[in-house]
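The next block holds one structure in the form of structure tokens; read it before the comments.
Each chain gets a letter, A, B and so on, in the order the sequences are listed, and its residues count up from 1. Values reported hereafter were calculated over all heavy atoms of this structure, with side chains retained and with hydrogens, waters and symmetry mates removed.
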Amino acid sequence: MSGAERLGAAHGRVRIGDIGPDAGQLFDEGAGCLHYCAPTHGGWGVLRTALLVPELYVLFVCPAACGRHGAIAAFEQGLKHRVGYLCIEDEEIVLGSYEDEIRRTVPLLMERLAPRPKAVMIVVSCIDDLLGTDYAPMVADFEAEHGIPFRIGRMNPITMGSGLPPQRRVQRDMYDLLAPAPARDGSIGLIGPFRPLAPESELHGMLARAGLGPIRHVADCATFADFQAMAAARLNLVTRPEGLAAAEHLEKTLGTPFVVAPVAFSAETIAARWDAIAAALGVPLDAAPGRDAADRAAARAHAAVGARTLAIDGTATCSPFDLARALIERGFAVVEVVAHQLPAHERPAFAWLAAHAPDLVVSSPIHPARSWSRPDRPTADIAIGFSAGYLTAAPVTVPISFDEGLYGCHGLATVLDALAASASAARPDTLEDMVRAYGLVV
Amino acid sequence: MSFLLTRLPPFAADYSGVASALHDLGGLVVIHDASGCTGSYTGYDEPRWFAGRASVFCSGLRELDAIMGNDQKLLDNILRTTRERDYGFVAVVASPVPMLVGFDVDGFASLVEHETGLPALGFATTGFGLYDRGLSAAFLAVAKRFVAEPEAPPAGASLLGASPLDDIGPPTLETLRRVLDRAGLPLVSVWGQESGLAAIEGAAGAAVNLVVAASALPLARFMKRRWGIPFVTGLPLDADGEAGLAAALAAAASGDRSPAERTPARGTGPAGGADHRTVVLIGEQIRMTALRAALRRRQDGSTIRVASFFAWDESLAEPGDCRLADEDRAAGWLASADADLVAGDPLLAALLPDPARARFVALPHRAVSARLDHPAGGRCMADPVGAVRAALDDMPGRTGR
């Protein structure tokens, strides 16, 4: 019996020590069950991610229903003026006039948009995967007519579990807007995370001491022209899996090499990441200054948390198992990791936890039992990440999401300081308020 | 015909309407989609989701399963879930991809029923329709499947169409209970929230139905045809409205059908006059019709027009009212209406031709703006009549009343 089958039989909740050496992907992507969408389900979404590209306009072409969540989220994030919806009807699909509607609408839209966008992404939904539309001639016509780049994007969760799920595909399509740079510089492109690296991260100094930098991230770019500077990167650094297809694509189209070094928290894994980056750059990197900051933050967090138990959520970071390992190594009582899948970069941390913390519970956030068996009494004292907060009913939730700003020892210190702040708050924010403020997108 | 939205969001979809109507009934509801459709419902349209434990799940549809017609995976997962927990029924709710591949949702529901031994309902929702259509379909399906033949003389009243998607929440339900008490009618069932299958099963025993949203009119007409239950339409928005509705319900329940099946006390106002204004109310038709009636009771001579993007019944409409189609045509109609005051969901303010000319009163509608926070709108929704009246009184050249 594989790890996944065993987990399925246990309602998506199991001791890590019981899983055995073959965890597979942990829970099957299809989960072998119906999927529960907790109120904390979601992330950045295709639209919000695409709109990280400055001066980009997105036109969704889809049944109206497919655009609703992104549109509401766009209002929440102040982005609605950068997205429109061509809501198609069933007869247009049946009669094959779908493409004609796009050709009819884009000129009307371009007349209305002020200021004029510097690029347009036409995003289609799941149904287009089954229609097999050839957009190449249409895109060429639009580019010739309007003199700006057009790209086709896809919000197609029906491909989740494939090699190119929507979260990866959208980043590939965004970075496809980069044109070749006249020359390379010493910059590093940060691909994958939704927010730039924190200015205090030790990586900035490590690179500067090696004569390299800056680290460029799409969210730092104020204009489409600024964004184009990312094409000059000496190396693309992929710190979250969402950036993998983009980095592979940029290596093919622009010749930019890349290194995959996902966010890490344990000392051993962080050291491995520094080694990988140094090897990719061909220069030595000195990481020593960052370690002291993490040690000091750990002391502060210990003072605030005491013996309280922790649950860690896979939406807080792409490396929840390595975070669990880092915290356990530093003496914290981690009792649960809420995660559905086990990506390859997490396998060493998973194996470490199975050996050193066999009672740690691993639970799938989408198993239906999470709905009806959601506890009335907390099963953890503090949760790091929204879904762990909801599913364990922890009275305190640390609002860490999607590794925003996190990397290296400074990333760990940031998590520890956030943990200390939440644990010592006299009146912690309610989880519902935090979730609403963050604006998770399905 | 396709339409372009640059100012408004797409509205709540048909599958959200179905799932919302079934939310409190104790069934296993499966939205057959990849994740976005279920997430739109749970994360945006359903205010009960954060605190609730209802079993509305996503099928986790994947590309290969859709192309290959692998319905067995869905059936297996439904069977597994019904073995783990007791449900009163199973509902399978379709979405755009099942529509495109020709998924036979009714046939599949029959298979589910055969395999689970539970009543099963199939809904051929597509994501092209709006929530009101989903609510109507779910109400009718539940009525046809679960409402038992009455065994006692008619008594009491049911509330039809009390959906959170139309912003019927606990305060409104409390008011509605007060209306029934005043009419001497015990509550039989609430359709849209709160009632479970047990209460719904007894709905044919009601002496009268109160329809609080136009999406429930097909249900009301079905119950009238099938069991002879008269119905009254309306929503109490002020003290006079409560009294009028209670009187209409009492009359209908006692067999006086003349005032029933229409909004009680529509009221009329003389047109023209020195302070004549044009007011446009955009939203759920029965709510806005009730608001118009309440405003007319002040007899100020305003022309009041009702418009809606959603369920529309001509029997409730007056000349000048309008069923809105899409963003561009709605903006065009609003421009031609030349309104002094518009009331509706806050997002609809973007359709005003000249925001400086027309006052706007925010009355949030969940089916439009979902989970968006509208603090001012929340206050207005607590007393929409007062909010619109205050805005009218505050307009230049107008004296307070």
May I ask you to decide if [Y]'s main-chain N or O and [X]'s side chain share a donor-acceptor pair within less than 3.5 Å?
| X | Y | answer |
| --- | --- | --- |
| A/Lys80 | B/Thr6 | yes |
| B/Glu84 | A/Ala369 | no |
| A/Arg374 | B/Arg53 | no |
| A/Tyr390 | B/Phe50 | yes |
| A/Glu91 | B/Met1 | yes |

Counting only non-hydrogen atoms closer than 4.5 Å, does [X] touch chain A with its backbone (N, CA, C, O), its side chain (CB onward), both, or neither?
| X | answer |
| --- | --- |
| B/Val30 | side chain |
| B/Leu8 | backbone |
| B/Leu100 | side chain |
| B/Asp45 | side chain |
| B/Arg371 | both |

Side chain to side chain contact (heavy atoms under 4.5 Å, CB included) between A/Leu59 and B/Leu4, intermediate numbers included: CA-CA 10 Å; A/Leu59 174 65; B/Leu4 181 63; 4.0 Å; yes
Worked check of side chain to side chain contact (heavy atoms under 4.5 Å, CB included) between A/Arg68 and B/Ser16: CA-CA 11 Å; A/Arg68 178 159 172 78; B/Ser16 282; 6.0 Å; no
A/Met160 vs B/Ser35, side chain to side chain contact (heavy atoms under 4.5 Å, CB included): CA-CA, chis, key distance, verdict: CA-CA 9 Å; A/Met160 284 197 296; B/Ser35 81; 3.7 Å; yes
Among B/Gly129, B/Ala54, B/Gly52, residue most engaged with chain A (heavy-atom pairs, under 4.5 Å):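 Sorted descending by pairs with chain A, the first entry is B/Gly52.
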[X], part contacting chain B, at a heavy-atom distance under 4.5 Å:
| X | answer |
| --- | --- |
| A/Val83 | backbone |
| A/Ser371 | both |
| A/Leu86 | both |

Closest heavy-atom pair and its distance - A/Pro157, B/Gly36: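 Minimum heavy-atom separation between A/Pro157 and B/Gly36: CG-N, 4.2 Å.
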